[in-house]
Amino acid sequence: MATAEEIMRHAQEINAARETALAPLASLLAERKLLRDEFEKTEEPYGRAYVEAQAAGWTTEELGGLGAEEPKRRPKGRPRKPSKPTAPKNPAPAASESAPKNISAPDAASPENTLQ
């Protein structure tokens with residue numbers, strides 16, 4: 001039968017092996033946290049630079065082709081620009097709707113109401 005001292009020594013050996021195995025992981029965890037913190041510090045300036053590049057004429061697709069990902073954090077106060085062209089806000093009316101609704105049909109053909 002093992003004595004209390006032998007049991008404790010065996011437990012310490014097991015824990016020592018576990019601690020030895022944990023040391024590289026603990027080191028890498030600390031390094032990853034540092035790198036994440038440094039990365040987070042770049043998010044806001046990256047977002048500003050990305051928006052400035054778009055304002056200078058670069059498209060999302062072109063920037064993506066250069067390896068620039070769309071930022072997760074965009075600068076405050078600037079609305080996000082659509083990545084794809086959108087349909088015109090006021091599409092040309094259909095032929096049956098060409099006359100304005102507040103003008104009667106005979107007046108619609110008058111020179112004052114035609115577009116120049």
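Scanning all heavy atoms of the two residues, the minimum distance from M1 to E6 falls at O-OE1, 4.3 Å.
A donor-acceptor pair is defined here as one N or O able to donate and one able to accept, closer than 3.5 Å; such a pair exists between the side chain of Y46 and the backbone of E69. Although no hydrogens or angles enter the test, the distance criterion places no donor-acceptor pair under 3.5 Å between the side chain of S27 and the main chain of A23.
A salt bridge links R48 to E44: one of the charged nitrogens lies within less than 4.0 Å of a carboxylate oxygen.
Here CD of E13 is found 14.0 Å from CZ of R18. Values are rounded to the nearest 0.5 Å. Expressed to the nearest 0.5 Å, how far CG of N15 lies from NE2 of H10 amounts to 10.5 Å.
Transitive grouping of hydrophobic side chains (ILVMFWY, heavy atoms separated by less than 4.5 Å) keeps I7 and I14 in distinct clusters.
The shortest distance between side-chain heavy atoms of L35 and R32 does not fall below 4.5 Å.
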ask   = Can you list the steps and then say if D37 with K41 is a salt bridge (Lys or Arg N to Asp or Glu O under 4.0 Å)?
value = CA-CA 6 Å; D37 291 346; K41 289 178 187 177; over 6 Å; no
